[in-house]
Amino acid sequence: MAIPFLDLKAINLEQAAELEDAFHRVLNSGWYVLGKEVEAFEHEFSSYCEAEHTIGVANGLDAIFLILKAYGIGPGDEVIVPSNTYIATWLAASHCGAIPVPVEPDEQTYNIDPLKIEAAITPRTKAIIAVHLYGQPADMDAINAVAQRHGLKVIEDAAQAHGALYKGRRVGSLGDAAAFSFYPGKNLGAIGDGGAVTTNDAKLAESIRVYRNYGSRVKYHNEVLGFNSRLDELQAALLRVKLSALDGGNATRAKIARLYSEKLAGIQGIVLPFVLDSANPVWHLYVICIDKRDALQKLLANLGVGTMIHYPIPPHLQPSYAALGYKLGDFPIAERIHQQVLSLPMGPTMSVRDAQQVTDAVKASFV
Ligand SMILES: *Cc1c(COP(=O)(O)O)cnc(C)c1O
């Protein structure tokens, strides 16, 4: 029996009746953009994230971008980003006209190494974007301390970490502002695109509300050069349903992760995920590290186990970033990680039996 990497259909069908109700509620309301559903979702997500404000936007990339924009970051500025991340983190800085300045990860957590940030700071640096990669919170106290010394903004890219805890506190309110994605495959996923900014900074929240809606507070009065980046009523209504299942889904992911870590412990050549004492990850991905990654991926595919690579090419080696002039060897830790990581099947509808089949297949591939 095949184990898919992620079964999105099964996840959404678990809440089919409630999702259909939400759809009909929006259909019959006759109001489809910036209304009651978005407002209700923003309130509910704020309390979930222990943040004062949520602003629903079109996607996760826009969420990061709009935070930078609203903080006035633009041409001539630099933004510290992880060398080991999904390219969206970098693109948000680039699309503001700023330059993304990569910093290498900690070799155990794969998240940005706070000890390496200071060396990358220049008089032009305005902000640090910390990514909670794979659902594991970055070391926010250490990052905030560096930022404070240099007067920098701290932005969480929480696109993979809905519900994760750092020292008992939810991600989303650990820096100046946080960006979330509701892309269907995320821990909290819409049935389409969606995103949000969370923050305790009332001024920033107000500014992003203006920017997301054509730069206007009052219809047809445009204060700034705004954008169209709104979470729509339908996705908001669906996300309210999905939010009610987030903690349950994260608990299942944690159970599967525990089982993986138990069953795969001690296999020569496989490095399992490392979790900081201060962190409760939400296991967006369960990522192992292995030398002969491509060979293992093929063997697992032959045994019916779906895996993915997050990510195969680091941003600094992408053709889209050729203009920054980086070459192979410039960020060796990120490069090694990109060559060795493999994400095992993970999701809120996986059973213990599924997970057992995965670990059996990994072991079988190792004899
Ligand atoms: C998914 C993701 C994003 C972008 O989210 P979209 O909604 O696809 O724009 C940004 N950062 C990280 C780390 C992500 O995983």
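Atoms within a ligand are numbered from 1 in the order they appear, just like the ligands themselves.
The G60 neighbourhood of ligand 1 comprises atoms 5 (O), 6 (P), 7 (O), 9 (O), with distances under 4.0 Å to a heavy atom of that residue. Listed by atom number, the atoms of ligand 1 under 4.0 Å from N59 heavy atoms are 7 (O), 9 (O). Shown in contact with V131 at under 4.0 Å from a heavy atom are these atoms of ligand 1, numbered in order with element: 13 (C).
In this structure, K263 places its NZ atom where only 12 or fewer heavy-atom neighbours from other residues, nucleotides or ligands lie under 6.0 Å away.
When only non-hydrogen protein atoms are considered, atom 8 (O) of ligand 1 lies nearest to S181 OG, 4.0 Å. Taking atom 13 (C) of ligand 1 as the reference point, the nearest protein heavy-atom neighbour is D157 OD2, 3.4 Å. Of the protein's heavy atoms, A88 CB, 3.4 Å lies nearest to atom 10 (C) of ligand 1.
Relative ring orientation between F182 and H162 is described as tilted, the plane-to-plane angle lying within the 30° to 60° band.
Residue-level proximity to ligand 1 for L61 is carried by backbone and side chain together, each with a heavy atom below 4.0 angstrom.
Residue Q160 has at least one nitrogen or oxygen atom sitting less than 3.5 Å from a nitrogen or oxygen atom of ligand 1, judged on distance alone.
Sorted by first then second residue, the salt bridge (Lys or Arg N to Asp or Glu O under 4.0 Å) pairs that include residues 218-237, not counting sequence neighbours, are R217-E223. Residue pairs meeting the salt bridge (Lys or Arg N to Asp or Glu O under 4.0 Å) criterion with at least one partner in residues 58-67, sequence neighbours excluded, do not occur; the list is empty.
Within the 4.5 Å cutoff, the side chain of V358 has heavy atoms near those of the Y260 side chain.
Residue contacts with ligand 1: K186 is included, with a non-hydrogen atom under 4.0 Å away. Within the 4.0 Å heavy-atom cutoff, D193 does not count among the residues contacting ligand 1.
When only modelled atom types and interatomic distance are considered, S83 and E104 share a side-chain donor-acceptor pair under 3.5 Å.
The pair D360-K363 does not count as a salt bridge, with every side-chain nitrogen at least 4.0 angstrom from each carboxylate oxygen.
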